[in-house]
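Data first, discussion second: the structure below is written as structure tokens.
All residue numbers refer to positions in the sequence shown, counting from 1.
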Amino acid sequence: MLKEKLEKLVAPEIVNRILATEKERILLSCEGDGELGLTDSKAGGRGYVPKSMAYPRNKDGGPLSLLAQINFSEMPDLEDFPKTGLLAFYIDYFDDLTGLDFDDQTSQHGFRVLYFETVDEASYSAEEQDTFFASVDEAFYPIVDGVFRLRGEVTKQVALKDSYDFKQAYGGEFYDLMDAWTDEDEDKADALFELDSSSSQLGGYPLFTQEDPRLGDEKTHHDTLLFQLDSVDGIMWGDMGVGNFFINREDLKRKDFSNVLYNWDCY
């Protein structure tokens, strides 16, 4: 299906180059599903935080909010990603940049990435977590309005959006190559652009509304899309933006989530 669409837009050798970038990712659907447990895969709500650790907070002591968590026992397998355990992403809803530090996008002061090998320990309850927020009298900027179950499906994706990954895959600049591939035909370029299937996902190729912060690096340390959450009904990054988290592939294999690059942008 994709090949047939590409063949209408670009030369056969370009079709082959594009298809050669194909890789698997876990495409995530966000479903309003009522009450969910503390260990369910979800966006929003309260998550699993064992009482043996302090609840995640920003540098000023304010509580961070659960953006999303992935229970890998509920997900299909994806190469190099955990097969079990729970991976959680917390960000700062009391900050108008939701914890993003442009000077150091790996600084986990306004965000936190937590991985738990098991979920056997007793967790702070949702009610206990609510109390952490009750005494904070500050403006609140939630990305997720509600609670959404995350379901995963392995699908394939090719590189068709401007990113570090695109430049590495094709060895050239996005707009230069798009012009060359389509003979500067804007309609064909737009149609090619629309064939990209980036969305909420684990792995695969990222999506940006502005610019990939890794593009200035000849070889970035954070070479792998760990998690991406796109704007949909009930989930909104500014004006229809997207949030992404990147990791080094070797760190991912080791399940070491201490060095993650966090980014979000919007139109």
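Considering only heavy atoms from C-beta on, V49 comes within 4.5 Å of M53 through its side chain. The side-chain heavy atoms of S123 and P50, taken from C-beta on, include no pair separated by under 4.5 Å. The closest side-chain heavy-atom distance from I143 to T98 is below 4.5 Å. Residues K3 and V15 form a side-chain contact, since some pair of their non-hydrogen atoms from C-beta on lies under 4.5 Å apart. E153 has its side chain out of reach of I26: every pair of non-hydrogen atoms, C-beta onward, lies at least 4.5 Å apart. Side chains of H221 and D251 form a contact here, defined as non-hydrogen atoms less than 4.5 Å apart. The shortest distance between side-chain heavy atoms of V144 and Y93 falls below 4.5 Å. Contact of the K167 side chain with the Y164 side chain is not registered, since no non-hydrogen atoms from C-beta on lie closer than 4.5 Å.
For the pair K42 and F148, the cation-pi test (distance below 6.0 Å, angle within 45°) is failed. Cation-pi geometry between K161 and F193 is satisfied (NZ or CZ under 6.0 Å from the ring centre, within 45° of the ring normal).
Taken to the nearest 0.5 Å, the CG atom of L67 stands 12.0 Å off from the CG atom of D92. To the nearest 0.5 Å, atom CG of residue L252 and atom CG of residue D80 are 6.0 Å apart.
Between the side chain of Q129 and the backbone N or O of S65, no donor-acceptor pair lies under 3.5 Å. Side chain of R214 to main chain of H222: a donor-acceptor pair is present (N/O by atom type, distance under 3.5 Å, no hydrogens or angles). Remark: the backbone N or O of D40 is not paired with any side-chain donor or acceptor of E74 at under 3.5 angstrom. In this structure a side-chain-to-backbone donor-acceptor pair under 3.5 Å is missing from T220 to D217.
Residue F140 qualifies as enclosed at atom CZ: its count of foreign heavy atoms under 6.0 Å is above 12. Within 6.0 Å of CD in E13 there are more than 12 heavy atoms belonging to other residues, nucleotides or ligands. More than 12 heavy-atom neighbours from other residues, nucleotides or ligands sit within 6.0 angstrom of NZ on K83. Counting non-hydrogen atoms of neighbouring residues, nucleotides and ligands closer than 6.0 angstrom, the CG atom of D185 exceeds 12 such neighbours.
Taking the six-membered ring where the residue is Trp, the centroids of F132 and Y124 are separated by under 6.0 Å. For W264 and F208, the distance between ring centers is not under 6.0 angstrom.
Residues S29 and R151 bring no donor and acceptor atom of their side chains to less than 3.5 Å of each other. Remark: the R25 side chain and the S198 side chain contain no N/O donor-acceptor pair separated by less than 3.5 Å. Donor-acceptor pairing under 3.5 Å is recorded for the side chains of Q201 and Q157.
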Inset, instruction - Test F111 against L100 for side chain to side chain contact (heavy atoms under 4.5 Å, CB included), laying out the working first. - result: CA-CA 7 Å; F111 79 98; L100 177 57; over 6 Å; no
Review item, side-chain donor-acceptor pairs of residues 226-242, under 3.5 Å, at least two apart:
from	atom 1	to	atom 2	distance (Å)
Q228	OE1	L207	N	2.9
Q228	OE1	N244	ND2	3.1
Q228	NE2	S199	O	2.7
S231	OG	W237	N	3.1
S231	OG	G241	N	3.3
S231	OG	G241	O	2.7
W237	NE1	L229	O	3.0

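When the ring-ring contact (aromatic ring centres under 6.0 Å, His included) test is applied to F245, the partners found at least two apart in sequence or on another chain are F89, Y262.
Put simply, I14 and L160 are part of the same group of oily side chains (I, L, V, M, F, W, Y) that touch within less than 4.5 Å, one to the next. Following chains of ILVMFWY side-chain contacts shorter than 4.5 Å, one cannot reach V113 starting from L261, and the two form parts of different hydrophobic clusters.
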